[in-house]
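Values reported hereafter were calculated over all heavy atoms of this structure, with side chains retained and with hydrogens, waters and symmetry mates removed.
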Amino acid sequence: MTKQVQQLDRVIIRFAGDSGDGMQLTGDRFTAETAQFGNDLSTLPNFPAEIRAPAGTLPGVSSFQLHFADHDILTPGDAPNVLVAMNPAALKANLGDLPRGADIIANTDEFTKRNLQKVGYPGNPLEDDSLKEWRLHAVPLTSLTVRALDGFDISKKDAERAKNMFALGLLSWMYNRPTEGTIKFLESKFARKPEIAKANIAAFQAGWNYGETTESFSVSYEIKPATLAPGVYRNISGNQALSYGLIAGAVQAKLPLFLGSYPITPASDILHELSKHKRFGIRTFQAEDEIAGVAAALGASFGGSLGVTTTSGPGVALKAETVGLAVTTELPLIVVDVQRAGPSTGMPTKTEQTDLLMAMYGRNGESPVPVLAPATPSDCFTMAVEAARIAVKYRTPVMLLSDGYLANGSEPWRIPEVSELPDITAPFTTEPNGEDGTYLPFKRDPETLARPWAVPGTPGLEHRIGGIEKADGTGNISYDPDNHDRMVRLRQAKIDGIDVPDLTVDDPGGDARVLVLGWGSTYGPIAAAARRVRAAGHKVAQAHLRHLNPLPANTGEVLRSYDKVLLPEINLGQLAMLLRARFLVDVISYNRVRGLPFKAEELAAVIGEVIESD
């Protein structure tokens, strides 16, 4: 049977099923092959917080969305063109996102009376006319998989588990994805269970063959590779990129890296990743709690390492006192906050930008720290290196605000040359720096206001350290009011004086009257929305903040250059409040806190309303 091959410039696929159906693995493998093929891509994993929600229920649905194209893309896409629904819950939970005319591939074996009742379907939607506005492909994925694995020495349960590989094979045929990488992956993953490996490979190949031979699918699709800047690329998630950035930062600073961390969603993968790289002088310590993790990291910095601690919002609250200790002892420390929905435990697997004010001010006393925020998954690498540069150069703790969307999402990343990385070496003090041959631990660099960093045990450089206020220069304990005022102002001036690049503005014609400003993970949706607005004939400028404290020196000038400034945030307007107070600019807030990233279509509509409201 000869089937038609149709050219597309992009497609959005969503795999959805029960949290035990392997949707994240399926999406990861499809993504890996798509990256290998050379498409530009962006992903959005979405899964329950519960370890194992009740099977077949709406709270137990796990999904993985992938947007890939033959051109530069910025988001995982607003709505899927194809939904793979492994059960009724997956269909019901995701149907509302599906545009009319999209494809639905439904696993008919799971649409039993019991499973339909679990999610409130009065009848089988695959058999009535309720799905007539979509292109429905009813495929018995489970039974086809079991039949394909007949003769393998595995249990029926293990055979049924391989249905995700059957689905992966079918979608790989539909979109002409490479297969060699998945086969090698399965051989490696199940190396100790060769029969399971063979069965999963057979299921994957059976899915491919089903697409090739069945009359249910008459068309396959081809999305050509994207044109990317020259270089070596790999697919990378935000947490992976951040981990590699921390390693690169430590190497460029010529310091051993110490991670003191307590596992917490969605930051735990950074601990997992760094623990694999001991050959780079990385030491990882899984602490008994959040406070122990940050205290160990600060102790490592005191001892001459680059101390790092990773966490999410609830952990930042617990670490606050030790971060304040790092401020007053003026030691380098990187605090990574992979933000999630709160307050309290909130929604651990969902994303938000709600920790900005806590990062800025969530400590007692005047306790200033630099605050950085990466814009994309791959930018997590760059901003981790930048956090290391600032921490080491200015002897300060640094807050690095990622979030769940960046941490779990992935995109192609051009691997930088080592020569492209900054040299951030900050030599330790090894000789007395006082005029009388003494060591002054708080004698500051006149340019950076950083104090010297002496490794404990260096002869002649013994000094006192701790949380009580210290005298300027000598570091002796001091309760003198004037000294305290001076030290408070010096610590603030040090942060205010950090060198950060100017805020750049994307304003193609140079005559836009509306500026859309963002920070953190809103970059992709805002940029995609700006493209749509410009394509519709409107003029709009875009700027994005990656340094939030201190702000770029030209921030106020940029804000005042436009008639209107729109600031979308996944919070209730935290940065907008800071900008209004600092620059007296009436920033227009657009806020949603749904645990999900913005959609480009949504923001394009908001931008259009602001432009037309003149």
_Exercise: do T43 and S410 side chains pair donor with acceptor under 3.5 Å_ = yes
_Over all atoms of both residues, closest heavy-atom pair of L242 and A384_ = O-CB, 3.7 Å
_So that I can tick it off, tell me whether K163 and D21 are bridged by a salt bridge, with the cut-off set at under 4.0 angstrom between side-chain N and carboxylate O._
yes
*Within 45° of the axis and under 6.0 Å from the centre of the six-membered ring of F64, does NZ or CZ of R14 qualify?*
no
_Which residues share a salt bridge (Lys or Arg N to Asp or Glu O under 4.0 Å) with D103, sequence neighbours left out_ = R135
*Give a yes-or-no answer on whether the side chains of E411 and S378 include a donor-acceptor pair shorter than 3.5 Å.*
yes
*Sequence neighbours excluded, which residues qualify as ring-ring contact (aromatic ring centres under 6.0 Å, His included) partners of F204?*
none
*How long is the gap from OG1 on T34 to CG on N176, to the nearest 0.5 Å?*
11.0 Å
_Give me each pair satisfying side-chain hydrogen bond (donor to acceptor under 3.5 Å, both in side chains) with a member in residues 219-232, each pair once, sequence neighbours excluded._
Q7-E222
*Does a donor on one side chain and an acceptor on the other come within less than 3.5 Å for T311 and E290?*
yes
*asked:* Considering only residues two or more places apart or on different chains, which pairs with a residue in residues 255-275 satisfy salt bridge (Lys or Arg N to Asp or Glu O under 4.0 Å)?
replied: E273-K276
_Within a 6.0 Å radius of atom CZ on R234, are there more than 12 heavy atoms belonging to other residues, nucleotides or ligands?_
yes
*Side chains of S237 and N408: do they bring a donor and an acceptor to under 3.5 Å?*
no
*asked:* Within this structure, what is the CD1-OG1 distance for the pair I334 and T310, rounded to the nearest 0.5 Å?
replied: 11.0 Å
_So, using side-chain hydrogen bond (donor to acceptor under 3.5 Å, both in side chains) as the criterion, who are the partners of S63 when residues are at least two apart?_
none
*Counting N and O atoms only, with roles assigned by atom type, does the side chain of S62 sit under 3.5 Å from a partner on the main chain of S19, one being a donor and the other an acceptor?*
no
_Taking ring-ring contact (aromatic ring centres under 6.0 Å, His included) as the definition, give me every residue that meets it alongside F15, ordered by chain and number, with sequence neighbours left out._
F30
*Output the distance between atom CG (L259) and atom CD1 (I270), rounded to the nearest 0.5 Å.*
8.0 Å
*Interatomic distance, L170 atom CG to W173 atom CH2 [nearest 0.5 angstrom]*: 7.5 Å
_ring-ring contact (aromatic ring centres under 6.0 Å, His included) against Y523, all qualifying residues, sequence neighbours excluded_ = H544
_Counting neighbours of OH on Y262 that are heavy atoms of other residues, nucleotides or ligands and sit closer than 6.0 Å, is the number greater than 12?_
no
_With a sphere of 6.0 Å drawn around CD of Q36, does it hold more than 12 non-hydrogen atoms of other residues, nucleotides or ligands?_
no
*Looking only at atom types and distance, does a side-chain atom of N81 sit under 3.5 Å from a main-chain N or O of I12, one as donor and one as acceptor?*
yes
*Is there any ring pair (Phe, Tyr, Trp, His ring centres under 6.0 Å) pair reaching into residues 141-166, and which pairs are they, with sequence neighbours excluded?*
F166-Y210
*Counterpart residues, side-chain hydrogen bond (donor to acceptor under 3.5 Å, both in side chains), relative to D355 (two or more places apart)*: none
*Counterpart residues, salt bridge (Lys or Arg N to Asp or Glu O under 4.0 Å), relative to D289 (two or more places apart)*: none
*Taking only Lys NZ, Arg NE, NH1 and NH2, and the carboxylate oxygens of Asp or Glu, determine whether D379 and R546 approach each other closer than 4.0 Å.*
yes
*Is the closest side-chain donor-acceptor distance between T182 and E33 under 3.5 Å?*
yes
_Short side-chain to backbone donor-acceptor contact, Q65 and P76, under 3.5 Å_ = yes
*Going by the salt bridge (Lys or Arg N to Asp or Glu O under 4.0 Å) test, which pairs reach into residues 173-184, not counting sequence neighbours?*
none
_Sub-6.0 Å ring centroid separation between W413 and F381_ = yes
*Mark yes or no for whether N115, through its side chain, and N87, through its backbone, hold a donor-acceptor pair below 3.5 Å.*
no
*Working to the nearest 0.5 Å, report the span between CG of L149 and CD of E160.*
10.5 Å
*Which residues pass the salt bridge (Lys or Arg N to Asp or Glu O under 4.0 Å) test with D423, sequence neighbours left out?*
K254
